[in-house]
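A short write-up of the structure that comes next.
Keep in mind that what you see is a predicted model, and the values were worked out from it rather than measured.
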Amino acid sequence: MVVSRFAPSPTGYLHLGNARTAIFSYLFARHHGGKFILRVEDTDRERSTQEFEQMLLQDLQWLGLEWDEFYRQSDRFDLYKEYAQKLLESGHAYPCFCTVEELESERKRAEEKGVPYRYSGKCRALTPQQVEGYKKEGRPYTLRFRVPDGRVVVFEDLIKGHISISVEDFGDFVIVRSDGTPTYNFVVVVDDATMGVTHVIRGEDHIPNTPKQILIYEALGLQPPRFAHLPVILGEDRSKLSKRHGAVSVRNYREEGYLPDALFNYLCLLGWSPPEEGKELFSKEELIRLFSLERVNSSPAVFSKEKLRWLNGVYIREVLPLDRLVEELLPFLERAGYRPDKDYLRRVLQKTRDSFETLKEGVQRLRPFFAGELTYSEEALKTLQTQQATAVLSAFLHKLQQRELSGEGVKAIAKEIQKELGLKAKEVWHALRACLTGELEGVGVDILCEVLPKEEVLGRVERALSKSGHRRPADTPQALLCEDFHRREDSPGLS
RNA sequence: GCCCCCAUCGUCUAGCCAGGUCCAGGACACCGCCCUUUCAAGGCGGAGAGCGCGGGUUCGAAUCCCGCUGGGGGUGCCA
């Protein structure tokens with residue numbers, strides 16, 4: 001059975017690059033009907049926190065990645081100790097009493113001489129008596145892995161192909177720290193082996209670690225898994241995507257109003273391409289069916305927020321079922337202070353979902369559909385001040401009082417006003433728009449009138465009108481309008 | 001410095017493994033037109049890479065080989 005895993009360390013929010021790794025690993029397991037394991041790598045006790053672990057799990061769940069098994073490395077220290085003991089007994093590991101300072105100066109010396117640094121192997125040949133003696137003195141020590149001389153480790157990467165690295169490039173490395181905690185290269189082997197992981201899918205920054213791990217597998221007499229190293233994700237400047245590039249965590253995008261399915265879909269397009277050309281829109285189920293490591297590109301990809309935005313827009317306007325869109329948008333509206341009725345919101349979204357690309361943007365777009373918070377842009381106020389606008393609005397008010405309101409009705413009314421006043425269609429609509437939305441751009445005014453209760457429309461018109469009609473010298477139109485609209489709290493049926 | 005990985009429109013990519021059907025296809029972004037009460041959305045059209053450079057191999061190379069250059073990653077008692 002295929003077993004893959006995602007092994008993040010809880011030292012920050014889930015990074016987009018890691019999220020993609022998780023997705024590919026998940027897709028691979030599901031595609032083969034295998035098992036997907038989540039393993040929290042918290043052996044670095046300095047940097048790992050409970051909070052980050054929680055965030056990590058939440059973000060993964062939000063993305064729709066469900067795991068079959070969960071492990072935390074800090075729960076498995078006994079196991080690592082056991083394996084370390086094995087390596088020690090078989091002579092594949094040895095205690096090293098070098099201090100951090102000593103090692104630091106070794107490194108510095110190498111650098112000065114311009115030669116590549118590797119651990120000197122000073123403690124390699126310590127006699128059992130020396131070791132005993134040092135231990136008795138209470139000197140702290142690490143456990144180092146004895147790297148066989150002259151080996152060239154070779155493996156077939158599922159994405160990169162043939163990779164060969166000589167052990168000359170690294171010296172004996174630490175597998176257990178002086179405080180007794182095991183290090184990454186060691187635990188990862190113990191874990192992958194004991195968990196039955198068959199495919200290690202991870203970022204290509206792990207390529208240099210792979211030979212070390214293979215060596216440990218061999219020392220333990222275990223069969224190494226298959227490796228697949230994904231290319232990194234780059235920022236616009238072609239350096240590794242990092243905080244310098246702005247929003248790089250899944251959390252950021254969630255908060256900005258991106259949908260999990262859209263992010264999932266987009267991330268897949270970064271480095272993987274579907275077998276069928278032309279299509280870019282995929283559900284999770286389709287991705288599971290289509291995914292293969294063979295179609296993962298081996299060169300790094302630049303993350304494009306523009307394209308993510310576009311794809312998110314596609315999900316908002318075409319993919320997501322209306323009811324789910326309502327559910328997704330609701331929390332964003334609530335955060336902005338609106339408490340819309342679901343059915344009402346549903347009706348609004350039906351007409352407006354094609355006019356925004358993120359949920360956050362949706363809140364902005366939908367503001368005119370809710371009472372109480374209308375503010376006016378400068379251009380809108382300027383428009384409202386014109387004589388034309390006043391004429392249009394009073395005509396509108398007059399006609400409105402005698403008939404029902406609907407989208408079609410508004411169109412008819414606008415046309416009548418246009419004729420009667422001898423204006424261009426544009427001028428009529430501009431006045432209505434400014435008065436009803438506070439902006440000169442946005443969703444269709446007819447849509448607004450169709451959905452908004454008639455009394456709310458009347459209210460907005462009346463107030464714009466009465467104030468602009470009885471203007472006192474000291475009052476700027478802005479002050480008049482704003483003050484007025486802010487005073488109005490609720491409108492029946494809206495909150 | 002040393003080691004490893006990578007290289008097709010601005011960006012994501014198809015094509016490369018099994019050389020000709022590719023004077024290189026799609027998508028985002030961009031430009032124009034249409035629709036239109038605005039911004040979008042939508043529809044239609046356009047521009048944009050001779051496939052990093054230089055050598056080979058071959059009748060023929062984006063596709064195979066070598067070198068160079070460029071970019072990225074690694075070089076920890078981080079993961």
(message) Below the 4.0 Å mark, does B:A14 have OP1 or OP2 next to a side-chain nitrogen or oxygen of A:Ser273?
(response) yes
(message) Can you build the contact string for nucleotides 26-36 of chain B? Use B for base contact, S for sugar-phosphate-only contact, and - for no protein heavy atom under 4.0 Å.
(response) SBSS-------
(request) Please report the C-alpha distance between A:Leu38 and A:Leu57 in whole Å, then the side-chain angles of each, then the deciding distance to 0.1 Å, and finally whether the side chain to side chain contact (heavy atoms under 4.5 Å, CB included) criterion is met. (result) CA-CA 9 Å; A:Leu38 176 62; A:Leu57 301 195; 3.4 Å; yes
(request) Answer with base, sugar-phosphate or nothing: what part of the nucleic acid does A:Ser299 contact at a heavy-atom distance below 4.0 Å? (result) sugar-phosphate
(request) Tell me what A:Cys96 touches on the nucleic acid: a base, only sugar-phosphate, or nothing, going by heavy atoms under 4.0 Å. (result) nothing
(request) Nearest whole angstrom, please: distance from the P of B:G76 to the CG of A:Asn185. (result) 12 Å
(request) Scan residues 425-439 of chain A for pairs that pass salt bridge (charged side-chain N to carboxylate O under 4.0 Å, His left out), counting only residues two or more places apart or in two chains. (result) none
Between protein and nucleotides 61-69 of chain B, what N or O pairs are separated by less than 3.5 Å?
none

(request) Compare the minimum distances between each of B:C77, B:G71, B:U37 and the side chain of A:Arg433, then state the nucleotide with the smallest one. (result) B:U37
(message) Nearest whole Å is fine: how far is B:A41 P from A:Leu366 CG?
(response) 17 Å
(request) May I ask you to list the residues of residues 202-217 of chain A, by number, that have any heavy atom positioned under 4.0 Å from an atom of RNA chain B? (result) A:Glu204, A:Asp205, A:His206, A:Ile207, A:Pro208, A:Asn209
(request) Could you let me know what B:G1 is paired to, Watson-Crick or G-U wobble, both distances under 3.5 Å, or none if it's on its own? (result) B:U75
(request) Answer yes or no: is there an ion pair linking A:Asp172 with A:Arg146, defined by an N-O contact shorter than 4.0 Å? (result) no
(request) Mind calculating the distance between CD1 (A:Ile165) and C1' (B:C2) to the nearest angstrom? (result) 13 Å
(request) Using a heavy-atom cut-off of under 4.0 Å over every strand shown, decide if A:Thr181 touches base, sugar-phosphate, or nothing. (result) nothing
Enumerate, atom names and distances included, each donor-acceptor pair closer than 3.5 Å involving a side-chain atom of residues 106-113 of chain A, sequence neighbours excluded.
residue, atom, partner, partner atom, Å
A:Glu106, OE1, A:Tyr117, OH, 3.4
A:Glu106, OE2, A:Ser120, OG, 2.9

(message) Checking base pairs now: Watson-Crick or wobble, both atom distances under 3.5 Å. What partners B:U69?
(response) B:A7
(message) Quick check for you: among B:A14, B:C77, B:A7, whose closest atom lies nearest to any side-chain atom of A:Val100?
(response) B:C77
(message) Base, sugar-phosphate or nothing for A:Val428? Non-hydrogen atoms, less than 4.0 Å.
(response) nothing
Name the pairs: protein N/O against N/O of nucleotides 47-52 of chain B, kept only if under 3.5 Å.
none

(message) The side chain of A:Ser178 is closest to which nucleotide in this list: B:C12, B:C77, B:A79?
(response) B:C77
(request) Not counting sequence neighbours, which residues clear side chain to side chain contact (heavy atoms under 4.5 Å, CB included) with A:Glu416? List them please. (result) A:Lys399, A:Arg403, A:Glu420
(request) For A:Phe356, check ring pair (Phe, Tyr, Trp, His ring centres under 6.0 Å) against everything at least two apart and list the hits. (result) none
(message) Suppose we screen for side chain to side chain donor-acceptor pair (under 3.5 Å). Which residues come up paired with A:Glu168, at least two apart in sequence or across chains?
(response) A:Arg118
(request) Test A:Glu256 against every option in A:Arg251, A:Lys305, A:Arg309 by the side chain to side chain donor-acceptor pair (under 3.5 Å) rule and name the one that passes. (result) A:Lys305
(request) Output the single nucleotide from B:G73, B:C2, B:G42 whose closest atom is nearest the side chain of A:Lys240. (result) B:G73
(request) Round to a whole Å and report the spacing from CD of A:Glu236 to P of B:G10. (result) 14 Å
(message) Taking the minimum atom-to-atom distance to the side chain of A:Lys411, which one of B:U37, B:A40, B:A79 wins?
(response) B:U37
(request) Output yes when A:Glu280 and A:Lys307 qualify as a salt bridge under the 4.0 Å nitrogen-oxygen rule, no when they do not. (result) yes
(request) Looking at every strand, decide which applies to A:Arg47 at a 4.0 Å heavy-atom threshold: base, sugar-phosphate, or nothing. (result) base
(request) Among B:U11, B:C5, B:U38, find the nucleotide with the atom closest to the side chain of A:Val302. (result) B:U11
(message) With a 4.0 Å cutoff (strictly under), does any side-chain N or O of A:Arg238 reach OP1 or OP2 of B:C12?
(response) yes
(request) Mind listing the closest non-hydrogen atom pair of A:Leu393 and A:Leu384 along with its distance? (result) CD1-CD2, 3.9 Å
(request) Round to the nearest Å and state the distance from A:Glu276 atom CD to B:G15 atom P. (result) 13 Å
(message) Starting the side chain at C-beta, find the nucleotide from B:C6, B:U37, B:A79 nearest to A:Val445.
(response) B:U37
(message) Which nucleotide wins on minimum distance to the side chain of A:Arg295, given the candidates B:A41, B:A14, B:C12?
(response) B:A14
(message) Go nucleotide by nucleotide along RNA chain B from the 5' end; which of A:Pro274 and A:Glu41 gets its closest nucleotide reached first?
(response) A:Pro274
(request) Please name the pair of heavy atoms, one in A:Pro275 and one in A:Trp272, separated by the smallest distance, quoted to 0.1 Å. (result) CD-CZ2, 4.1 Å
(message) With the 90 degree cut-off around zero defining syn, does B:G50 come out syn or anti?
(response) syn
(request) Check for a donor-acceptor pair, side chain of A:Thr210 on one end and backbone N or O of A:His206 on the other, with a separation under 3.5 Å. (result) yes
(message) Among B:A79, B:G15, B:G72, which nucleotide has an atom closest to any side-chain atom of A:Tyr184?
(response) B:A79
(message) Expressed as a whole number of angstroms, how long is the span from A:Lys382:NZ to B:U38:C1'?
(response) 17 Å
(message) Counting only Watson-Crick pairs (N1-N3 plus N6-O4 or O6-N4) and G-U wobbles (N1-O2, O6-N3), all under 3.5 Å, who is the partner of B:U63?
(response) none
(request) Could you tell me which residues satisfy side chain to side chain donor-acceptor pair (under 3.5 Å) with A:Tyr258, sequence neighbours excluded, listed by chain and number? (result) none
(message) What I'd like to find out is whether the side chain of A:Ser4 reaches to under 4.5 Å of the side chain of A:Ser25, using heavy atoms alone.
(response) yes
(request) Answer yes or no: does a side-chain N or O of A:Thr43 lie under 4.0 Å from OP1 or OP2 of B:A79? (result) yes
(request) Verify salt bridge (charged side-chain N to carboxylate O under 4.0 Å, His left out) between A:Asp237 and A:Arg244, making sure each step is shown before the conclusion. (result) CA-CA 10 Å; A:Asp237 64 352; A:Arg244 299 184 290 113; 3.6 Å; yes
(message) Can you pull out every ring pair (Phe, Tyr, Trp, His ring centres under 6.0 Å) where at least one residue sits in residues 157-180 of chain A? Sequence neighbours excluded, please.
(response) A:Phe145-A:Phe173
(message) Closest approach to the side chain of A:Trp429, judged atom by atom: which nucleotide of B:U37, B:C12, B:C77 is it?
(response) B:U37
(request) Specify the separation, in whole Å, of atom CZ of A:Phe145 and atom C1' of B:C77. (result) 17 Å
(message) Please enumerate all residues that pass side chain to side chain contact (heavy atoms under 4.5 Å, CB included) together with A:Pro182, with sequence neighbours excluded.
(response) A:Thr43, A:Phe77, A:Tyr80, A:Phe186, A:Val187
(request) Would you mind reading off the distance between A:Leu440 atom CG and B:C39 atom P, rounded to a whole angstrom? (result) 10 Å
(request) Would you mind telling me which residue lines up with the more 5' stretch of RNA chain B, A:Phe97 or A:Glu318, judged by nearest nucleotide? (result) A:Glu318
